[in-house]
Amino acid sequence: MDNRIIEYIIKPKNQGKTLLKKAFAIIGYVFLALILALLILALSPPLLYIPFFLVAAAFVALTVFVTWKFLCLEYELIISGGEMTVSVIYGRAITKRLVSVPINSFLHVGEYDDTAYEALCQMSLQRNYVCVSSMSAQKMFYAVFDDGKDRCVIYFEAPDNAIRALRQANAAAFRAGNIKS
């Protein structure tokens with residue numbers, strides 16, 4: 001067994017749904033600040049405006065601090081000891097493991113292209129793990145596996161050394177001719 005550890009981070013691009021979520025979050029933060037300001041102006045006496053505005057500003061800042069990290073995520077892929085582990089990192093602080101799969105349990109691994117898309121559409125896949133910077137990324141791969149009860153697929157980007165390590169660990173699962181050794 002290969003004792004190398006290959007670890008890399010994939011940062012999703014701010015486009016599509018990610019950009020839309022961030023835009024709605026910013027609009028929500030501004031809306032929250034405006035609602036609190038209007039409530040303070042309508043319900044409090046003028047002598048208490050400053051303390052209430054400070055409390056409202058602190059509340060909005062705390063809301064931004066707690067929620068924004070869930071909009072800034074990265075994916076970490078680790079290939080070590082014959083296993084591929086995929087984790088999501090929220091705001092560079094909170095790490096949550098999505099899946100950890102023995103490489104020799106992969107049924108199919110290959111470069112994601114039109115042929116792979118058609119083949120994956122024919123399979124009955126219950127779960128998708130999308131760990132790419134963009135669905136139009138250059139070197140995007142997929143790996144199909146069974147986790148005991150469901151058939152799953154991981155979409156990921158990988159450097160050449162990671163693909164070579166995956167191929168060495170489970171050459172039978174690779175689609176023919178799509179990756180240089």
_Go through it in stages, so that I can follow the logic: the residues are Phe145 and Val99, the test is side chain to side chain contact (heavy atoms under 4.5 Å, CB included), and I'd like the CA-CA distance, side-chain angles, deciding distance and then a yes or no._
CA-CA 11 Å; Phe145 64 96; Val99 66; 3.8 Å; yes
Do [X] and [Y] make a side-chain contact, defined as non-hydrogen atoms from C-beta onward lying under 4.5 Å apart?
X      : Y      : value
Ile9   : Ile89  : yes
Asp146 : Leu107 : yes
Val144 : Tyr142 : yes
Leu77  : Thr85  : no
Glu7   : Glu76  : yes
Ile78  : Tyr8   : no

Can you confirm whether [X] is buried at [atom1], in the sense that more than 12 heavy atoms of other residues, nucleotides or ligands lie under 6.0 Å from that atom?
X     : atom1 : value
Ile50 : CD1   : no
Phe24 : CZ    : no
Lys22 : NZ    : yes
Phe59 : CZ    : no

Test of understanding: clusters of I, L, V, M, F, W, Y form through side-chain heavy atoms closer than 4.5 Å, transitively. Do [X] and [Y] belong to the same one?
X      : Y      : value
Tyr117 : Leu125 : yes
Leu19  : Val64  : no
Leu98  : Ile94  : yes
Leu71  : Val30  : no
Leu43  : Leu48  : no

Which heavy atom of [X] sits nearest a heavy atom of [Y], and at what distance?
X      : Y      : answer
Ile40  : Phe52  : CD1-O, 3.3 Å
Lys13  : Ser134 : CD-CB, 4.2 Å
Ile10  : Ser133 : CG2-N, 3.5 Å
Phe106 : Met84  : CZ-SD, 4.0 Å
Cys152 : Tyr129 : CB-CE1, 4.1 Å
Val60  : Ala33  : CG2-CA, 4.0 Å

*Determine, step by step, whether Tyr75 and Phe156 satisfy the side chain to side chain contact (heavy atoms under 4.5 Å, CB included) criterion, reporting the C-alpha distance in whole Å, the side-chain angles of both residues, the deciding distance to 0.1 Å, and the verdict.*
CA-CA 9 Å; Tyr75 298 103; Phe156 61 97; over 6 Å; no
*Does Glu74 come within less than 4.0 Å of Arg92, counting only side-chain N to carboxylate O?*
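A salt bridge is present here (some side-chain N lies under 4.0 Å from a carboxylate O).
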*May I ask you to establish whether Lys69 and Phe65 are in a cation-pi arrangement, using a distance under 6.0 Å from NZ or CZ to the six-membered ring centre and at most 45° from the ring axis?*
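Yes - Lys69 lies over the ring of Phe65, closer than 6.0 Å to its centre and within 45° of its axis.
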Nearest 0.5 Å, what's the [atom1]-[atom2] distance between [X] and [Y]?
X      : Y      : atom1 : atom2 : result
Leu166 : Asn161 : CG    : CG    : 10.0 Å
Arg127 : Arg151 : CZ    : CZ    : 13.0 Å
Lys21  : Leu73  : NZ    : CG    : 8.0 Å
Leu120 : Asn128 : CG    : CG    : 8.5 Å
Leu36  : Phe31  : CG    : CZ    : 10.5 Å

*Taking the six-membered ring for Trp and the single ring otherwise, decide whether the centroids of Tyr112 and Tyr155 are under 6.0 Å apart.*
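Yes.
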May I ask you to decide if [Y]'s main-chain N or O and [X]'s side chain share a donor-acceptor pair within less than 3.5 Å?
X      : Y      : result
Asn170 : Ile103 : yes
Asp150 : Gln126 : no
Asp160 : Ala162 : no

*Before giving the answer on side chain to side chain contact (heavy atoms under 4.5 Å, CB included), spell out for Val88 and Phe70 the whole-Å C-alpha distance, their side-chain angles and the decisive distance to 0.1 Å.*
CA-CA 10 Å; Val88 64; Phe70 294 104; over 6 Å; no
*Would you please test Val101 and Asp147 for side chain to side chain contact (heavy atoms under 4.5 Å, CB included) and show each step?*
CA-CA 8 Å; Val101 184; Asp147 71 353; over 6 Å; no
*asked:* Just by distance, no angles: are the side chains of Tyr90 and Thr95 close enough, under 3.5 Å, to form a donor-acceptor pair?
replied: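 Short answer, no.
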